[in-house]
Amino acid sequence: MTDGQNNPPIRRRRKQRRRFSWRKTLRLFVPIFMFIGLCMVMCVPTGEKPVTEDTPVLKLGKNATVHDLEVDTVSRYLYKLDSMPEPTQRIKVNYFGNLRPFFNDSNYVHWAEAEKIGIQPLTDTRSHWQLKRPIVKVTTNPDFYLDTLIFSRPYLVPEAAAVLHEIGHRFRDTLDVRGGGDYRIKVTSLLRTPQTVKRLRRRNRNAVDSSVHQLGTTFDISYAAFIANSAEHPRSIDDLKGILAEVLKAMREEGKILVKYEVGQPCFHITACEPKKQPEVTSKK
């Protein structure tokens, strides 16, 4: 017998077709459909909440403006001219000589006065919640304009905030009495932390480790830049600086502030003093 007759023929296996399974199909596509549906639900805007008796309704009068819808009431005071109006007109100023030797209260005097009403320096996160005294937020308002702060935060103790408002108010009143002009002072620095003081010392040689700004009683007002709200009655920076110096001189003599005339950083370095107690008036019978 030959080899071909001894070996059995080779049978090829047929490929078995897989049966269609609904269960496996659902397991594959259901998560995909759920994910797409969830995305569509999140993208669709929700309807407005129906007004009920407990829902507060804002009612505006006929003469209401967009400012009446603001919550912080600050935006209306942010308007200012991009540059000082020209040509300038002179205004009466009571100059009293060189300002540097007159406003020369040392940092030691500032610090000693600031410790009476100030806070402890904010060294860590916990110290922000364990303040020695309360602080208030300072924002732009009719009395002054708050510059963009990089190395400080917009907070002061209540006494210092009140003094800052008084300076701005008296500056505007003095300007108005002497012939007008819609200007505001520019506040450039407020509360600082030890970390911001270190960063500032790299750029400003006037900054020291024992910066009184850390106590929340001190602020800086620029004498090289003022905020012009209107082009009517244009005034020069020198005259505005002289009027601001008059206000600071009067308040310093009243015992309300200490002032340091900074040269490298053109500003008045001001610390609020502890308010003096008014003597009690006894009525005579």
Any [X] side-chain heavy atom under 4.5 Å of [Y] side chain:
X	Y	answer
Ile257	Leu248	yes
Asn107	Val212	yes
Gln214	Pro194	yes
Ile227	Leu81	no

* Begin from the C-alpha positions of Leu244 and Phe268 and carry the test side chain to side chain contact (heavy atoms under 4.5 Å, CB included) through to its verdict. => CA-CA 10 Å; Leu244 176 59; Phe268 290 107; 3.8 Å; yes

Residues 162-178 side chain polar contacts: donor-acceptor under 3.5 Å, at least two apart:
residue : atom : partner : partner atom : Å
His165  : ND1  : Asp143  : OD2          : 3.2
Glu166  : OE2  : Arg170  : NH1          : 3.0
Glu166  : OE2  : Lys256  : NZ           : 2.7
His169  : NE2  : Asp173  : OD2          : 3.1
Arg170  : NH1  : Glu254  : OE1          : 3.3
Arg170  : NH2  : Glu254  : OE2          : 3.2
Arg172  : NE   : Pro142  : O            : 3.3
Arg172  : NH1  : Asp182  : OD1          : 3.1
Arg172  : NH1  : Tyr183  : O            : 2.9
Arg172  : NH2  : Asp182  : OD1          : 3.3
Thr174  : OG1  : Arg170  : O            : 2.8
Arg178  : NH1  : Lys92   : O            : 2.9
Arg178  : NH1  : Glu246  : OE1          : 3.4
Arg178  : NH1  : Glu246  : OE2          : 2.9
Arg178  : NH2  : Glu246  : OE1          : 2.7

Do [X] and [Y] sit in the same hydrophobic cluster, where Ile, Leu, Val, Met, Phe, Trp and Tyr count as joined when their side-chain heavy atoms come under 4.5 Å apart?
X	Y	value
Phe102	Val109	no
Phe33	Leu28	yes
Met34	Leu26	yes
Val136	Leu131	no
Val259	Val263	yes

Of all heavy-atom pairs between [X] and [Y], which one has the smallest distance, and what is that distance?
X	Y	answer
Ala160	Gly216	CB-O, 3.9 Å
Ser230	Pro85	O-CG, 4.2 Å
Pro134	Pro158	O-CD, 3.2 Å
Leu146	Thr139	CD2-CA, 4.3 Å

Atom [atom1] in [X], atom [atom2] in [Y]: separation rounded to 0.5 Å?
X	Y	atom1	atom2	result
Ile185	Ile221	CD1	CD1	4.0 Å
Glu113	Leu258	CD	CG	5.5 Å
Thr217	Leu190	OG1	CG	11.0 Å
Cys273	Ile117	SG	CD1	7.5 Å
Asp105	Ile270	CG	CD1	11.0 Å
Ile237	Asp239	CD1	CG	10.5 Å

* Asked: Under the side chain to side chain contact (heavy atoms under 4.5 Å, CB included) criterion, do His213 and Ser189 qualify, and how do the steps go?
  -> CA-CA 8 Å; His213 285 276; Ser189 182; 3.7 Å; yes

* Any chance CZ of Arg100 has more than 12 other-residue heavy atoms, nucleotides or ligands included, within less than 6.0 Å? -> no

[Y] six-ring face occupied by [X] cation (under 6.0 Å, within 45°):
X	Y	value
Lys249	Phe96	yes
Lys241	Tyr223	yes
Arg184	Tyr77	no

* **Short side-chain donor-acceptor distance under 3.5 Å, Asn104 and Lys260** => yes

* Residue pair Thr188 / Ser222, side-chain donor-acceptor N/O under 3.5 Å -> no

* To do: Check step by step if side chain to side chain contact (heavy atoms under 4.5 Å, CB included) holds for Arg235 and Thr88.
  => CA-CA 5 Å; Arg235 308 299 179 187; Thr88 59; 5.8 Å; no

* Can you check side chain to side chain contact (heavy atoms under 4.5 Å, CB included) on Glu115 and Leu215, steps first, answer last? -> CA-CA 7 Å; Glu115 283 185 325; Leu215 305 186; 4.2 Å; yes

* To do: Answer yes or no: is there an ion pair linking Arg90 with Asp238, defined by an N-O contact shorter than 4.0 Å?
  => no

* **Donor-acceptor pair, side chain of Asp147 and main chain of Tyr145, under 3.5 angstrom** => no

* **Residue pairs fulfilling salt bridge (Lys or Arg N to Asp or Glu O under 4.0 Å) with at least one residue in residues 27-41, sequence neighbours excluded** => none

